[in-house]
Amino acid sequence: MMPRNACTPGLMTLLRVGGIFSPDRLEATDILMAGKIIALGSDLDVPGGWPIHVEEARHLIAVPAFIDQHVHVTGGGGEGGCGTRCPEISAQEIASMGIGTVVGVLGTDGISRSPADLLAKVRGLGAEGICAYMYTGAYRVPPPTLTGDIQRDLAWIPEVIGLGEIAISDHRSSQPRQDEIERIVSDTRVGAMLAGKRGICHFHIGDGKRGLEPLRRLLTETEIPADQVIPTHVNRRRELLEEAADYALTFNASVDVTAFEDAGDGLSSFDAVSRLLELGVPPARITLSSDCNGSLPEFDAEGAYLGMKVARNTTLIADWQRLVHEGVLPLETALGLISTNVARVLGLHASKGRLAVGFDADVALLDSELQPQQTFVSGKSVFKTIKR
């Protein structure tokens, strides 16, 4: 179910590019689009008189616009008081990185920021051309919701596609019991089924010694399928990343790596993906997200707040580019980490994550260094580098 204010079709556009990765390399060099991709080919002939704009970009390659499944669109933070709340993100900041779709999330602060604030921001981004969704809930359990009920949020609010980010193994979490975790995941699953959505549960994994154990128990002791549950920040500690690899292989599950600007005691997203691959995790089971505009707080050994930085999405793209430039993954496979795999995880794979006829015309144009130069969402240009 699509938000009514996001991904609105615009005028027809014919893109002529130097190459197309769907993510697989195609023979085609032209994309005809009007909200959806109408045709792919080479030297497409469009009848005269059609209301069409031709965009010549033979020096660029076209790839599926990126999908960021973890963005604090209203700003995160607050762990050090009201003066430490992070700023909101703009549509321009999102689109300039080749990102066409985001999922908004609340974190530690579910008090001064609410699901209603998040929904308003998501709809605002939609009005500016970004395809935007949200998770209901925040760190704590029971999670704050829009309607007073997880199932109703999933069933009645088009923009709500899951629950998150629920914090576990973290001193900032509400320390939920195992039965509470099972109940909210079950509620999310049923509410999503009623709405025809995937309804993932996006779990924030902290530094705590329990690590992924609550999720292991969930998948072992209940009938919940592994694709319902996505642990994120799995690279915040080396030991946690090793556990995440075993978790992915044991349950055939997906894990989400965060593009930390400063990984501290953990691993960068480049190093984390490289290590997961070494440990045998299939690339299709790995996704990348930015945690953009969330806080990067520092605490001492007793949990006292020391300071913080604000996360940006530039690291996400830089580390992804490095995976290709250094030969860790070919471009076709690497695109999955921030497009195809993410679309599948979120249940958007029937319309996003690929450049194919009938899919949403979400396209990022990249230069030879894989730097985004123009971003289209539903066939409309929402960002373009100004050439001087």
*Cation-pi check, Arg354 to Phe359: give yes when NZ or CZ is under 6.0 Å from the six-membered ring centre and within 45° of the ring axis, no otherwise.*
no

*Do Lys121 and Glu88 meet the salt-bridge criterion of a basic N to acidic O distance under 4.0 Å?*
yes

*asked:* Side chains of Gln373 and Thr385: any donor to acceptor distance under 3.5 Å?
replied: yes

*Ring centres under 6.0 angstrom apart (Trp320, Phe66)*: yes

*Report the relative orientation of the aromatic rings in His204 and His233; use parallel for angles under 30°, tilted for 30 to 60°, perpendicular for over 60°.*
perpendicular

*Under a 4.0 Å N-O cut-off, is there an ion pair linking Arg210 with Glu213?*
no

*Determine, for Arg25 against Glu332, whether the closest basic-nitrogen to carboxylate-oxygen distance falls under 4.0 angstrom.*
no

_Between Asp360 and Lys36 (salt bridge meaning N to carboxylate O under 4.0 Å), is one present in this structure?_
yes

*Salt bridge Arg217-Glu182, side-chain N to carboxylate O under 4.0 Å*: no

*Do Asp291 and Arg236 meet the salt-bridge criterion of a basic N to acidic O distance under 4.0 Å?*
no

*How are the rings of Tyr247 and Phe251 set relative to one another: parallel (under 30°), tilted (30 to 60°) or perpendicular (over 60°)?*
tilted

*Side chain Thr188, main chain Ile184, donor-acceptor under 3.5 Å*: yes

